[in-house]
Amino acid sequence: MIKERIVVGVSGASGAALALRVVERLAEIPSVETHLIVSAAAKRTLLHEVGPHALHQLLAIADRTYQVGDIGAATASGSFRTAGMIVVPCSMRTLAAIAAGVADNLIVRAADVHLKERRRLVLMTRETPLHLGHLRNMTAVTEMGAVVLPPVPAFYHRPKSIEEIIDHLAARAIGLFGLPGEPFATEWDPQSHRPHCAVAR
Ligand SMILES: Cc1cc2nc3c(=O)[nH]c(=O)nc-3n(C[C@H](O)[C@H](O)[C@H](O)COP(=O)(O)O)c2cc1C
């Protein structure tokens, strides 16, 4: 089976658990292959927010992993075909570097490649409150073709736990790639006022 490659960049914004969930969910889709890049700051947030085994867990789930400094890796080239890239969570530093095209590490270079090749790039930008520079950078990447998806929780599905909030955010992000066989997408159901599992495509 030819697999759909998704590049996952993890940067050092708060929300490290979301990165873990996105990679776990992608691993549940048989047609998907994950290519993971973790920044130095993300290693700190994974440790601080999730725990001492989080980084190891993340690296173990991904199909391929790359060093963030390896700007000669496969994912640094437009010739490496992918179905898209997600940066989860996306720090304001990484957002600014993407917006300015300063491709000085593999996460930013891979994001730059996705923009130039006109492929799907989803940035789960996380900071609050936002200053004008943050907002301008979000505008700039949107104008270049990226999708800015801040991890803002929804409440219409009446989440009972942080886990449910993280699950919902991860499903929303992965849904943006339109992957075949994605089993856990949720759709708003106005009848029940609860989201229901979408029919697998
Ligand atoms: C515990 C922790 C939480 C952080 N949360 C955020 C955040 O929510 N948003 C953000 O932009 N930066 C946050 N930072 C700061 C970034 O980690 C820092 O700017 C870093 O240089 C980002 O590098 P990277 O983009 O290469 O991962 C946080 C740092 C730590 C240690």
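Below, all heavy atoms of this structure are taken into account, side chains as well, without hydrogens, waters or symmetry copies. For ligands, and for the atoms within them, numbers begin at 1 and follow the listed sequence. Start at 1 with the first residue, then count along the sequence.
In this structure, OG1 in T65 is found 10.5 Å from CG in D70, a value given to the nearest 0.5 Å. Rounding to the nearest 0.5 Å places CD1 of I37 at 5.0 Å from CE of M85.
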Return a table of N or O atom pairs, ligand 1 on one side and protein on the other, at distances under 3.5 Å, rounded to 0.1 Å.
unit_1	atom_1	unit_2	atom_2	d
ligand 1	5 (N)	S14	N	3.2
ligand 1	8 (O)	S14	N	3.1
ligand 1	8 (O)	R126	O	3.3
ligand 1	8 (O)	R126	NH1	2.8
ligand 1	9 (N)	R126	O	2.7
ligand 1	9 (N)	E127	OE2	3.3
ligand 1	11 (O)	M92	N	2.8
ligand 1	14 (N)	G12	O	3.2
ligand 1	17 (O)	G12	O	2.6
ligand 1	23 (O)	R93	NE	3.4
ligand 1	25 (O)	S91	OG	2.6
ligand 1	25 (O)	R93	NE	3.1
ligand 1	25 (O)	T94	OG1	2.5
ligand 1	26 (O)	R93	NE	3.0
ligand 1	26 (O)	R93	NH2	3.3
ligand 1	27 (O)	G12	N	2.7
ligand 1	27 (O)	S39	OG	2.6

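A donor-acceptor contact shorter than 3.5 Å is absent between the side chain of H168 and the backbone of I165.
With hydrophobic clusters built from ILVMFWY side chains whose heavy atoms lie under 4.5 angstrom apart, L20 shares a cluster with L169.
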Expected list for residues 117-125: side-chain donor-acceptor pairs under 3.5 angstrom, two or more places apart:
unit_1	atom_1	unit_2	atom_2	d
R118	NH1	L115	O	3.4
R118	NH1	K116	O	3.1
R119	NH1	F80	O	3.1
R119	NH1	T82	OG1	3.3
R119	NH2	G78	O	2.8
R120	NE	L176	O	3.0
R120	NH2	L176	O	3.3

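Using a 4.0 Å cut-off between charged nitrogen and carboxylate oxygen, E163 and R21 count as a salt-bridge pair.
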